[in-house]
Amino acid sequence: MMSAVPLLSVEHGVKNFGGALALDNVNFEVRAGEIHTLLGENGAGKSTLAKVMAGAVQLSSGALLLNGQEQQFRSPLEALRVGVAMVYQETSLIPTMTVAQNMRLGREPLFSSQRQAASEAQQAFRALDFDVDPLALVEAIGPAQRQMVEIARAVHLNARVIIFDEPTASLSPMERSRFFSLLKMLRARGTGIVFITHALEEALAMSDRITVMRDGKRITCGTTKEFDRQKLVRLMVGRDIAESVRRTKDGKAAGDPVLVVDRVGAGATSEGMSFQLRAGEVVGFAGLVGSGRSEVAKAIAGVVPRGRRDGGAVYLRGKRVNFRTPGEAIRAGVVYVTEDRKIDGLFPNMTVDDNIYLASLVRGHVWRTFYSRSARSRIAEFWRTRLAVTSLSSGAVLSVYSGGNQQKVVVAKALAQNPDVIFFDEPARGVDVGAVPHIHEVIRSLAEQGKAVVVISSYLPEILSLSDRILVVREGRITGEFDRSEATEDKIMHAAAH
């Protein structure tokens, strides 16, 4: 039962970052036994507000209260000790430690064994129906499993308030369903839940209350029944926007095969995948998380090695290739746009312009590898404008940008390399509702320019909206292929699960 008294609240919260106002007199509260969703475009201030409540960021002015008592958390550990936990959009796990070690991070007992830690973690995962190996290194598991570890750690701590920042971005439809069941269980237990998401359908289905932010300000707060999707979009962006819609046939056939893949294995699976990518088409890769979609893309683009015996064959423009590094693939015109921008997508301590410009040099000739300020400004400005990257103060490093803007920079880096074949892995992950149609339009325009494009996504409406052809992957093999005119969510999910 939802309490009428705020469990955790921010009153007149203000936060400045080097002159940039991230929070402007914001009021927000979450009550015991409620799911309070926080919505807004990238840069609206959602994550900053969440980090204030979790102790990772301190207010410039205003107050943070827990059960009516003012608090001054100097670190997330201080917040955690009084029952406030946060599941970050960008994982806070330590890659070189095991899953079990990360589960105990910050509260390690004086005497403990690896077996005991693993057993404790395994019990936590089983209670949530999560499939994660407690003895695996975090750097060896995928983004979806890292998200599961973050969620399990917060729940296992029995926190009174749990803040979820984009928790479903890496989860499959089945995993999302389990996560939503978990939210309902936590709400019934009396936990106060702050839920940040870009998926408006999730917000409308799961929330008790919704707060909308824009430009660091709270625009409105109300019960979920007061909103619909169109109203939320208008409040978030300050205007009506065009939604992404399925492409319409224009009578233009796809061109010749650019990339031919023959029995290339995906990860540890023994059965390979075979398919063709043609110029001028977008091919959607659907399937559950861990099905092998990302793994085969990484193997083709040189991100992970392919063995001679079980690596199959890849032909680019009729010539057999086996890229040993991403640089080799990029110079040949094949680019993989990572799903995990924090681990391998960006230089977070460099500026947006330097990130884009350095990426553009990878495919260049030797004489172009000299650093040119004028070229940097010209190239970066073009891609920042095309992808609508929101500018902060001049010279700001990328780590202070919102997750959605960072994702746009990842895409910009890839496109600045002028590829012929592009693998987009979860391209709209963490991107706000106002920017998604823009990124989709960029992807479609690449196909119209004659590029061969692959979109890997766990969000079926995105796959159906963008794709000319859809391949369904399960356990490292293709279990279904659909033309866009015949594809439905039911058909895709059936092929993915059976």
Side-chain angles (χ1 to χ4, degrees), residues 131 142-144 168 170-178 244-249 253-301 306 310-315 336-337 339 421-429 440 443-444 447 451-498:
D131 182 17
T168 61
S170 299
L171 303 182
S172 70
M174 191 178 301
E175 289 158 346
R176 282 194 195 98
S177 178
R178 290 203 295 264
S244 293
V245 295
R246 180 177 295 201
R247 299 178 70 185
T248 55
K249 289 270 188 189
D256 296 330
V258 177
L259 192 78
V260 177
V261 178
D262 183 23
R263 298 190 304 277
V264 170
T269 57
S270 58
E271 188 170 353
M273 295 169 56
S274 299
F275 57 89
Q276 295 184 357
L277 302 180
R278 294 190 287 269
E281 72 169 348
V282 178
V283 177
F285 273 29
L288 303 180
V289 172
S291 61
R293 303 166 304 164
S294 298
E295 288 77 6
V296 75
K298 291 177 181 178
I300 293 167
R306 286 194 295 117
D310 58 358
V314 177
Y315 300 89
Y336 168 76
V337 182
E339 65 175 320
V421 179
I422 313 105
F423 292 89
F424 288 100
D425 202 344
E426 305 289 356
R429 181 187 175 201
H440 285 180
I443 291 172
R444 286 196 280 267
K451 313 288 187 182
V453 183
V454 170
V455 173
I456 302 168
S457 178
S458 301
Y459 186 49
L460 292 184
E462 181 173 48
I463 289 286
L464 291 166
S465 169
L466 284 171
S467 307
D468 297 302
R469 197 160 45 99
I470 298 169
L471 302 179
V472 185
V473 183
R474 180 174 180 267
E475 295 180 350
R477 59 191 178 91
I478 294 173
T479 57
E481 179 173 348
F482 303 98
D483 182 80
R484 67 182 173 200
S485 62
E486 61 179 346
T488 65
E489 290 196 22
D490 287 343
K491 288 181 181 179
I492 292 171
M493 285 306 301
H494 185 271
H498 298 87

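Worth knowing before you read on, the calculation uses all heavy atoms, side chains too, and leaves out hydrogens, waters and symmetry mates. Being a predicted model, the structure only gives us computed values, none of them experimental.
Residues passing the side-chain contact (heavy atoms from CB on, under 4.5 Å) test with Val260, sequence neighbours excluded: Pro257, Gln276, Tyr315. A search for salt bridge (charged side-chain N to carboxylate O under 4.0 Å, His left out) contacts involving Glu489 returns nothing, not counting sequence neighbours.
Looking at Glu462, its side chain never comes within 3.5 Å of a backbone N or O of Tyr459 through a donor-acceptor pair.
In terms of heavy atoms, Ser465 sits closest to His440 at OG-ND1, 4.4 Å. Across every non-hydrogen atom of Leu277 and Arg469, the tightest pair is CA-NH2, 4.4 Å. When all heavy atoms are compared, the tightest approach of Gly480 to Ala495 is CA-CB, 4.4 Å. Nearest approach of Asp425 to Ser294, heavy atoms of both residues: OD2-OG, 2.7 Å. Of all heavy-atom pairs between Val282 and Ala447, the closest is CG2-CB, 3.7 Å. The two atoms that bring Ala297 and Ile456 nearest to each other are CB-CD1, 3.8 Å, heavy atoms only.
The line from CE of Met493 to OG1 of Thr488 is 11.0 Å long, rounded to the nearest 0.5 Å. Arg263 contributes atom CZ, which lies 16.0 Å from atom CZ of Arg477 (distance to the nearest 0.5 angstrom).
Val455 has its side chain out of reach of Val283: every pair of non-hydrogen atoms, C-beta onward, lies at least 4.5 Å apart.
Ser458 and Glu426 share a donor-acceptor pair across their side chains, judged by distance under 3.5 Å alone.
Side-chain rings of Phe424 and Phe285 stay apart, their centers remaining 6.0 Å or farther from each other.
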Subject >> Worked check of salt bridge (charged side-chain N to carboxylate O under 4.0 Å, His left out) between Glu281 and Arg278 >> reply: CA-CA 6 Å; Glu281 72 169 348; Arg278 294 190 287 269; 3.7 Å; yes
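The local environment of CG in Asp131 is sparse, with at most 12 non-hydrogen atoms from other residues, nucleotides or ligands closer than 6.0 Å.
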